[in-house]
Protein chains: 2
Amino acid sequence: MKISQRGLYALKALLHLAAAWGQGLVTTREIAEAERIPEKFLEAILAALKNARVVKSTRGRLGGYQLRRPPEEVVVADIIRLLDGPIAPFGDAAELVDRIRTEERHAGLFELFLEVRNAASAILDHTTLAALLDRDRRIYSKRALESGPSLQGRKLVTKRK
Amino acid sequence: MKISQRGLYALKALLHLAAAWGQGLVTTREIAEAERIPEKFLEAILAALKNARVVKSTRGRLGGYQLRRPPEEVVVADIIRLLDGPIAPFGDAAELVDRIRTEERHAGLFELFLEVRNAASAILDHTTLAALLDRDRRIYSKRALESGPSLQGRKLVTKRK
DNA sequence: GTATTTACCTATCGAGTCAGTAGGTTATTA
DNA sequence: TAATAACCTACTGACTCGATAGGTAAATAC
């Protein structure tokens, strides 16, 4: 599986919406600027996400986008499959299973590919937007601590004493 | 990572050469026919494999190809990297490490990608042509046993009694 | 020494994908 | 009614993928 720029943008946009969960609507422009995504390109991506019922929209003034379900219920693997196709190094899971059965000379090759896809799937299938957002925040605050302890940084350090 | 038709052909051709290891040279035509690979296309693939010193060749009459090293020493991950680029869902390992450091908003995303690439790499890096060939043979004989026990099949069954 | 066989080299091609861009239409609200 | 924001359609240039065509160079058989 290869994650395209489009797929990456989609995940970033969804993380943005996940961060804004429960706080109303967010416009494409807002996301585009914050996440450094070409606005018109983002429009197309959000259209796809809307079509797949990941996201919902309201139009006109004060319009915008929001997640359809809470961040804990949006799984990363689904988004990747939607934008960039199957999570497998060759074909998809069903095709691999089939070729393990039918290929008379090198079935082992497809067995191997299936193992790889299962390993990748295992990770991506149990990672949600909420989990990813958590990660982002953890890294962010760890960084604030390391490079130039700010007010917030100091407090944490002090607490650890 | 996505394995192309080209990459698949390369692996099949190498498995063919691995099976012929120690038995002299094999021509492109022979490989092309046995493995159902367009001959001219296979030529280009073998050229790349030769360039990368995976395979060596002799030309003229009685010419052909052979592996440069024993099948136990040829690792599948290297072949895939050669033909289809890095084994990572996004960029390569070095780029991912870099973006985990530099991305200020969504470093967690790249951490996740790195985990996926490590999982895939772990499998493909410790699989050699010899191991794959073994797999192929195991599946093949298991199949002979299941569907219509031939002479060879019967022997095995009888032994098990 | 000539014909055959095989690897090797160069160039080209049609189809498809990727990452956008452009320009307008419809709905909602101040 | 004007402004705003989602929505829709079409197009583009660059690139990749999976080949095909046609010839050159080297090694061997006869």
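Computed from a predicted model, the values in this text were never measured in an experiment. Numbers restart at 1 for each chain; the letters A, B, ... are given by sequence-line order, proteins then strands.
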For [X] and [N], give me the distance from atom [atom1] to atom [atom2], rounded to whole Å.
X: A:L8; N: C:dG20; atom1: CG; atom2: C1'; result: 15 Å
X: B:L17; N: C:dA7; atom1: CG; atom2: P; result: 11 Å
X: B:N51; N: C:dA7; atom1: CG; atom2: P; result: 16 Å
X: B:K56; N: C:dC8; atom1: NZ; atom2: P; result: 13 Å
X: A:I45; N: D:dC8; atom1: CD1; atom2: C1'; result: 16 Å
X: A:L25; N: C:dT28; atom1: CG; atom2: P; result: 13 Å
X: A:E33; N: D:dA5; atom1: CD; atom2: P; result: 11 Å
X: B:R61; N: D:dC30; atom1: CZ; atom2: C1'; result: 9 Å

Donor-acceptor check, side chain of A:T127 to backbone of A:L124, threshold 3.5 angstrom: yes or no?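 It does not hold such a pair.
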Considering only [options], which nucleotide approaches the side chain of [X] most closely?
X: A:E43; options: C:dT4, C:dC9, D:dC7; value: D:dC7
X: A:R59; options: C:dG20, D:dG18, C:dT26; value: C:dT26
X: A:R29; options: C:dT6, D:dA5, C:dC9; value: D:dA5
X: A:S4; options: C:dT28, C:dT4, C:dA19; value: C:dA19
X: B:P38; options: C:dG20, C:dA30, D:dT20; value: D:dT20
X: B:L62; options: D:dA29, D:dA6, D:dT20; value: D:dA29
X: B:K50; options: D:dA19, D:dC7, C:dC8; value: C:dC8
X: A:Y65; options: C:dT4, D:dG18, D:dC7; value: D:dC7
X: A:T28; options: C:dA19, C:dT21, D:dA6; value: D:dA6
X: B:F41; options: C:dT21, D:dA19, D:dA29; value: D:dA19

Hey, is the side chain of [X] poking within less than 4.0 Å of OP1 or OP2 on [N], counting only N and O atoms?
X: A:S57; N: D:dA5; answer: no
X: A:T58; N: C:dA27; answer: no
X: B:Y9; N: D:dA19; answer: yes

Within 6.0 Å of CZ in A:R69, more than 12 heavy atoms from elsewhere: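 Check passes, neighbour count above 12.
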Take a 6.0 Å sphere around CZ of B:F41 and say whether it holds more than 12 heavy atoms from other residues, nucleotides or ligands.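 Yes, enclosed.
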Heavy-atom pair of closest approach, residues A:I87 and A:A120: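 Of all heavy-atom pairs spanning A:I87 and A:A120, the closest is CG2-CB, 3.8 Å.
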A:E103: which of B:R143, B:K12, B:R36 passes salt bridge (charged side-chain N to carboxylate O under 4.0 Å, His left out):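 When salt bridge (charged side-chain N to carboxylate O under 4.0 Å, His left out) is applied between A:E103 and each of B:R143, B:K12, B:R36, only B:K12 qualifies.
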Are a donor atom and an acceptor atom from the side chains of B:E35 and A:H106 found within less than 3.5 Å of each other?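 Short answer, yes.
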Residue met sooner reading DNA chain C from 5', once A:G7 and B:E39 are mapped to nucleotides: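 Going by which nucleotide is closer to the 5' end, it is B:E39.
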Tell me if the side-chain of B:K40 makes a donor-acceptor pair with the base of D:dG18, cut-off 3.5 Å, by modelled atom types.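 By the distance-only test, no, there is no pair.
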